[in-house]
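For reference, positions follow the sequence shown, starting with 1. Keep in mind that the numbers below use all heavy atoms, side chains included, and drop hydrogens, waters and symmetry copies.
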Amino acid sequence: MHSYAIGDIHGHLDQLRRLHDWIAADMAQNGAAPIVHIGDLVDRGPDSNAVIEYLRAGTAAGQDWVVLKGNHDRLFTGFLRDQHYHDPGLRSDLSYLHPKIGGAATLASYGVKNSADRPVAPVHAEAVAAVPQSHRDFLESRPISFARGEAFFAHAGIRPGVPLSAQVEDDLIWIRREFLDDPRDHGPLIIHGHTAIDTPTHYGNRVNIDSSAAYGGPLSGIVIDGRDVFHLTAAGRVRLSPPAE
């Protein structure tokens, strides 16, 4: 049993389409399987609107795609619900329109101009008018985890020591150090993004596939076959090995 996973997209439709092409080529040789998108569809990149529509339309048409919720996806929908929304996972000195978050790029993809440089009330009103309800419904309804075979997929990771069935959304989309620094076996291999690194990396108990598309890096995809993991490239699969014990 194999599965595919794609890292944090952050509004990069061209890279997402390219990865889907590489996955299609791999499927032609190895058989069809679900594609898990690890979350963070939006913010920072140029085409968040188009990314949401591409994934929404594909899933509606019956593509075997799993699209998980990331923290940036929740930040976006939270802002649309309430201009004063502050996510419990976000630092108190930040907001959705702060440059560090990248919400202005998402709103620009819907035609809302200069949103980080204007009063929030008119920006919010324009955003609510511009974002289709179908996009809001799609993001709001995203699952927060997915399990298949020997892999468990979540945007940020899991709370170590807590049964997978008892994990909560705040941890699955926001956790960092408590998860990243824990060397214990979690049962399934945890496939996650959220913490930007240079290239997909296998740590033994987890695989991080956020290769910094939000910051000019490439969007990455992997194949999980049992507990074997391969990085997908234009030339095919490249094995990702855990560190030597």
Supply the atom-to-atom distance D170 CG to N71 CG, rounded to the nearest 0.5 angstrom.
10.5 Å
Can you name the closest pair of heavy atoms from S212 and D210 and give their distance?
N-OD1, 3.1 Å
Exceeds 12 heavy-atom contacts within 6.0 angstrom, atom CG of D198
no
In the single-linkage hydrophobic clustering (I, L, V, M, F, W, Y; side-chain heavy atoms under 4.5 Å), do L19 and F230 co-cluster?
yes
So does N49 get a backbone contact from the side chain of S109, meaning a donor-acceptor N/O pair under 3.5 Å?
yes
Restricting to salt bridge (Lys or Arg N to Asp or Glu O under 4.0 Å), what partner residues turn up for R118, sequence neighbours left out?
E126
Set of side chain to side chain contact (heavy atoms under 4.5 Å, CB included) partners for M1, sequence neighbours left out:
R148
Just do the side chain to side chain donor-acceptor pair (under 3.5 Å) check on R206 and H192 with the steps written out, would you?
CA-CA 7 Å; R206 63 183 178 87; H192 70 97; 3.0 Å; yes
Any side-chain heavy atom of L90 sitting closer than 4.5 Å to one from I101?
yes
Would you say the side chain of S145 lies within less than 4.5 Å of the side chain of L164, judging by non-hydrogen atoms?
no
Has the side chain of H86 got a donor or acceptor atom that lies under 3.5 Å from a matching backbone atom of R91?
yes
Could you check if a side-chain atom of V51 sits within less than 4.5 angstrom of a side-chain atom of V42, using non-hydrogen atoms only?
no
Nearest 0.5 Å, please: how far is CZ in R237 from CD1 in I222?
11.0 Å
Is there a side chain to side chain contact (heavy atoms under 4.5 Å, CB included) between L172 and I158 once you walk through the steps?
CA-CA 5 Å; L172 292 171; I158 64 165; 4.1 Å; yes
Heavy-atom closest pair, residues A214 and R44
CB-CD, 3.6 Å
When you measure from the side chain of Q167 to the backbone N and O of V162, does any donor-acceptor pair fall under 3.5 Å?
yes
Working to the nearest 0.5 angstrom, can you tell me the gap between D26 CG and T233 OG1?
10.0 Å
Working note: H194 + W174, criterion side chain to side chain contact (heavy atoms under 4.5 Å, CB included); need CA distance, chi angles, decisive distance, verdict.
CA-CA 8 Å; H194 184 55; W174 276 107; 4.2 Å; yes
Of all heavy-atom pairs linking S134 and R56, the shortest is O-CD, 3.8 Å
Please give me the minimum heavy-atom distance between P200 and L240, naming the atom from each residue.
O-CD2, 3.6 Å
Give, for atom NE2 of H186 and atom CG of N205, the distance between the pair rounded to the nearest 0.5 Å.
4.0 Å
Quick check on the hydrophobic clustering: are L232 and V66 connected, directly or via other members, by side-chain heavy-atom contacts under 4.5 Å?
no
Other than I197, what residues sit in its cluster of Ile, Leu, Val, Met, Phe, Trp and Tyr side chains whose heavy atoms are under 4.5 Å apart, directly or through others?
Y203
Please report the interatomic distance OH(Y4) to CE(M27), rounded to the nearest 0.5 Å.
5.0 Å
Worked verdict on V123 versus L97 for side chain to side chain contact (heavy atoms under 4.5 Å, CB included):
CA-CA 10 Å; V123 168; L97 297 179; 4.0 Å; yes
Main chain of H124, side chain of Q83: is a donor-acceptor contact present, judged purely on distance under 3.5 Å?
no
Assess whether a salt bridge exists between D181 and R177, defined as any Lys/Arg side-chain N lying under 4.0 Å from an Asp/Glu carboxylate O.
yes
After noting the C-alpha distance and the side-chain angles of D43 and T106, does the key distance pass the side chain to side chain donor-acceptor pair (under 3.5 Å) rule?
CA-CA 5 Å; D43 296 344; T106 297; 2.6 Å; yes
What one should report as the nearest heavy-atom pair of S141 and F138 is OG-O, 3.1 Å
Is there a path of hydrophobic side-chain contacts, each under 4.5 Å between heavy atoms of I, L, V, M, F, W or Y residues, that connects L139 with F79?
yes
Interatomic distance, CD1@I9 vs CG@L55, rounded to 0.5 Å, equals 5.0 Å
Would you say L180 and V207 are hydrophobically clustered, going by side-chain heavy atoms of ILVMFWY under 4.5 Å?
no
Which heavy-atom pair separates A156 from I175 by the least distance, and what is that distance?
CB-O, 3.4 Å
Okay, side chain of H155, backbone of I38: is any donor-acceptor separation there less than 3.5 Å?
yes
Applying the side chain to side chain contact (heavy atoms under 4.5 Å, CB included) criterion to V67, which one of I35, I52, L41 satisfies it?
L41
Contacts of H12 meeting ring-ring contact (aromatic ring centres under 6.0 Å, His included) (sequence neighbours excluded), chain-then-number -> none
I need the full list of salt bridge (Lys or Arg N to Asp or Glu O under 4.0 Å) pairs touching residues 80-90, with sequence neighbours left out, sorted by first then second residue.
R74-D87, R81-E140
Ignoring hydrogens and geometry, is there a side-chain-to-backbone donor-acceptor pair from D73 to G70 under 3.5 Å?
yes
Run the numbers on R136 and V131 for side chain to side chain contact (heavy atoms under 4.5 Å, CB included), then give the verdict.
CA-CA 7 Å; R136 297 177 67 173; V131 178; 3.8 Å; yes
Once side chain to side chain donor-acceptor pair (under 3.5 Å) is applied, do any residues pair with D14, and if so which ones, sequence neighbours excluded?
none
Verdict with reasoning, D47 to Y54, per side chain to side chain donor-acceptor pair (under 3.5 Å):
CA-CA 10 Å; D47 296 316; Y54 174 74; over 6 Å; no
Hey, is the main chain of T195 close enough, under 3.5 Å, to the side chain of N208 for a donor-acceptor pair?
yes
Look at the aromatic rings of F76 and Y96 and report parallel, tilted or perpendicular, splitting at 30° and 60°.
parallel
Please check if the side chain of S211 supplies one atom and the backbone of P218 the other of a donor-acceptor pair under 3.5 Å.
yes
Are the aromatic rings of H20 and H37 close, with centres under 6.0 Å apart?
yes
What about W65 and I224, same hydrophobic cluster or not, with Ile/Leu/Val/Met/Phe/Trp/Tyr joined at side-chain heavy-atom distances under 4.5 Å?
no
Hey, is the main chain of H72 close enough, under 3.5 Å, to the side chain of H10 for a donor-acceptor pair?
no
